[in-house]
Asks: 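Got a structure here, written out as structure tokens. Questions coming.
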Amino acid sequence: PFPAPERMLGKRVIGPATRTGILHRLQTRELEGDGRRTFTQERFLNFACLGDFDTFDPNPELLVANYMRKRSKIMELVSARNLVFALTGSGVCAAFDLEKRCRVCFLNQTEDEVVRSLFYNRSNSSLITVSVFRSDNYSTLKCRTTPFEYIRRGQPDGGFPLFSAESLRWPGFVEFDDVNGKVLTFSAEDKTYKVWDITNYQLLFSIHDPNIAEIKISPGVMLLIYNRVPGRGSLDLKLLNVQDGTVLKSFSQLLARTKQVDFIEQFNEKLLLKQEGENLRIVDVRDMSTIEIDRRDFVTPHAFIFLYENQHFLTFHHHWVSVWNFKGELATRFDDHTLWYSDHSNTNNIYITSKQDIIISYHRQSLSDRGSINVSDIITGKSLARVSADQEDKYAAALEDVTA
């Protein structure tokens, strides 16, 4: 498939050809609030660290696998219904109860299970884990759903497997789309894409076409991108209704023949297309009208966030965040929002509220700096709050090297 920036609409976990394998992360999780002023005054006034949890347990009776006995960085956090789930880089997933301030259980079911990713299914109050196992050389993704009621009771074995009949061996993948309430799976063995209902995991429709290079999902529609024919100056695309697979439109998009495609993204009726060394094109697929952003102004980002509530999109390039509208204009410059991460493919320390008006992220001036949590208004770019700690604060270490 085409190389592409990370796209934060859905969460896609791809078969383990590499250690990371997470291409798409959903970061539009929910924070309550009635507006920006209330949000900053009430949520961040006298903010303080209440305590800490530890995913590490030296008890060999609980952690039978060697990899579970080693400390590892937290790579992913999911918080819902007073439960917090922490996933480490070594594949250990621990659940904590916020009210009782204790660890409830580990989600790893066997000693050779390495959890690769987490997804909170709000439609049925469950946690989906995507794992690989030593028994098949960590080559196949396995999905499992566990209701919160079992997790609270410390009974993670109360869950059940999902998509067990699907072969999700690399380059197969599973993608969770919270916006449309769908799950997309791809079996590389038979070149078949399947769309499932995220509420009851029933199969909705299948797509079998070996000529498909990639599928992108946006609200209400799926974009099918077909393999590029060498020397041809266009690319075949197709839009489907995400609910039932009905073809909405088939068309060809003109390309510069000799330039590789940096990315293609779909946002409602807008198609974003960028080729190497070329301007960004924003194409309205209804009438094929096009707006271009000069290549000197728009550098290929390593990640996107589409803001469906206010019809903008965020781009992330190195340590900078930019907000664009679909007129091709740079809409926002942030006062105080440079990002910090050691790995540009990891965007777990970026958080967007459900209203899509606030961005929260980890900021650090240098390796010697403890860092801070910065809060900014996406629309105006204004800094709203900054959570930091004095050197003598006993919880100052909580802001060191934040990874999620």
Side-chain angles (χ1 to χ4, degrees), residues 2-10 24 27-28 179 214 216-225 228 233-239 248-249 251-335 337-339 344 347 350 352-353 355-359 361 376-382:
F2 300 106
E6 185 177 12
R7 184 169 178 261
M8 303 177 197
L9 164 65
H24 295 228
Q27 295 297 332
T28 51
V179 175
E214 177 66 293
K216 301 293 180 72
I217 303 177
S218 65
V221 298
M222 298 175 61
L223 175 68
L224 275 55
I225 306 171
R228 188 176 181 183
S234 63
L235 182 67
D236 290 335
L237 303 169
K238 187 179 291 185
L239 286 176
L248 302 176
K249 184 170 185 174
F251 59 103
S252 293
Q253 176 61 45
L254 294 177
L255 297 177
R257 293 177 183 272
T258 60
K259 301 293 184 69
Q260 78 169 27
V261 176
D262 287 345
F263 65 82
I264 299 176
E265 298 290 346
Q266 182 72 29
F267 177 92
N268 293 340
E269 72 278 3
K270 305 295 186 181
L271 181 75
L272 276 62
L273 171 64
K274 179 74 169 64
Q275 289 186 261
E276 181 184 17
E278 297 291 322
N279 296 341
L280 172 69
R281 283 182 275 174
I282 302 175
V283 182
D284 191 317
V285 298
R286 296 171 299 183
D287 57 12
M288 304 309 290
S289 59
T290 301
I291 295 172
E292 295 196 8
I293 303 177
D294 192 283
R295 63 181 181 273
R296 293 167 296 183
D297 299 324
F298 188 93
V299 180
T300 299
H302 68 263
F304 280 103
I305 295 181
F306 290 120
L307 305 177
Y308 299 98
E309 295 296 325
N310 53 42
Q311 300 294 301
H312 287 70
F313 62 97
L314 274 67
T315 58
F316 298 83
H317 182 70
H318 294 307
H319 299 284
W320 303 103
V321 187
S322 301
V323 183
W324 301 83
N325 61 34
F326 287 92
K327 298 177 182 178
E329 301 166 338
L330 182 63
T332 304
R333 295 185 184 275
F334 288 97
D335 291 342
H337 216 95
T338 53
L339 305 175
H344 289 308
T347 50
I350 301 170
I352 304 294
T353 63
K355 291 184 178 180
Q356 300 185 340
D357 57 352
I358 305 292
I359 181 171
S361 70
S376 296
D377 187 304
I378 290 176
I379 304 303
T380 66
K382 298 296 183 182

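Small disclaimer: the values here were computed from a predicted structure and weren't measured. Just so you know, residue 1 is the first one in the sequence shown, and it goes up from there.
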Asks: Does the side chain of L272 come within less than 4.5 Å of F304's, by heavy atoms?
Replies: yes
Asks: Would you confirm whether D377, through its side chain, and I379, through its main-chain N or O, come within 3.5 Å as a donor-acceptor pair?
Replies: yes
Asks: From I291 CD1 over to E329 CD, what is the distance, rounded to the nearest 0.5 angstrom?
Replies: 8.5 Å
Asks: Does any N or O in the side chain of N279 come within less than 3.5 Å of the main-chain N or O of R295, such that one atom is a donor and the other an acceptor?
Replies: yes
Asks: Does this structure show an ion pair linking K216 with E265, if we count only N-O contacts that are shorter than 4.0 Å?
Replies: yes
Asks: Tell me the closest heavy-atom pair linking Q275 and R228, and the distance in Å.
Replies: NE2-NH2, 3.8 Å
Asks: Grab the two heavy atoms, one from T290 and one from M288, that are nearest each other, plus how far apart they are.
Replies: OG1-O, 3.4 Å
Asks: Is Q266 close to L239 at the side-chain level, that is, under 4.5 Å between some pair of heavy atoms?
Replies: yes
Asks: With side chain to side chain contact (heavy atoms under 4.5 Å, CB included) as the criterion, how do I350 and V321 come out once you've worked through the C-alpha distance, each side chain's angles and the decisive distance to 0.1 Å?
Replies: CA-CA 11 Å; I350 301 170; V321 187; over 6 Å; no
Asks: Distance-only, no hydrogens or angles: does the K249 side chain make a donor-acceptor pair with backbone N or O of V285 under 3.5 Å?
Replies: yes
Asks: Check whether any side-chain heavy atom of L223 sits under 4.5 Å from a side-chain heavy atom of S218, and report yes or no.
Replies: no
Asks: Given 3.5 Å as the limit, does a donor-acceptor pair link the side chain of Q356 with the main chain of E309, or not?
Replies: yes
Asks: S252 and D236: which non-hydrogen atoms are nearest, and at how many Å?
Replies: OG-OD1, 2.7 Å
Asks: Report the distance from atom NE2 of H312 to atom OG of S322, rounding to the nearest 0.5 Å.
Replies: 12.5 Å
Asks: Side chains of I264 and L235: closer than 4.5 Å at any heavy-atom pair?
Replies: yes
Asks: With rounding to the nearest 0.5 Å, note down the distance linking CG in L248 to NZ in K238.
Replies: 11.0 Å
Asks: Side-chain contact, heavy-atom cut-off 4.5 Å: L280 with D262?
Replies: no
Asks: Can you tell me which residue among L314, D357, I358, T332 is in a side chain to side chain contact (heavy atoms under 4.5 Å, CB included) with I378?
Replies: L314
Asks: Would you check if the distance from the ring center of F267 to the ring center of F313 is below 6.0 Å?
Replies: no
Asks: Enter the distance from S376:OG to I359:CD1 here, rounded to the nearest 0.5 Å.
Replies: 7.0 Å
Asks: Step by step, work out the side chain to side chain contact (heavy atoms under 4.5 Å, CB included) result for N268 and F326.
Replies: CA-CA 11 Å; N268 293 340; F326 287 92; over 6 Å; no
Asks: Restricting to non-hydrogen atoms, name the atom on Y308 and the atom on P219 that form the minimum distance, rounded to 0.1 Å.
Replies: CE2-CD, 3.0 Å
Asks: For R281 and L255, work out which heavy atoms get closest and say how close.
Replies: NH2-CA, 4.0 Å
Asks: What are the two closest non-hydrogen atoms of W324 and D297, and how far apart are they?
Replies: CH2-O, 3.6 Å
Asks: About how many Å separate CG of L271 and CZ of R286, when rounded to the nearest 0.5 Å?
Replies: 13.0 Å
Asks: Quick check for you: to the nearest 0.5 Å, what is the distance between K327 atom NZ and Q311 atom CD?
Replies: 11.5 Å
Asks: Answer whether the closest heavy-atom distance between the side chains of L307 and I305 falls below 4.5 Å.
Replies: yes
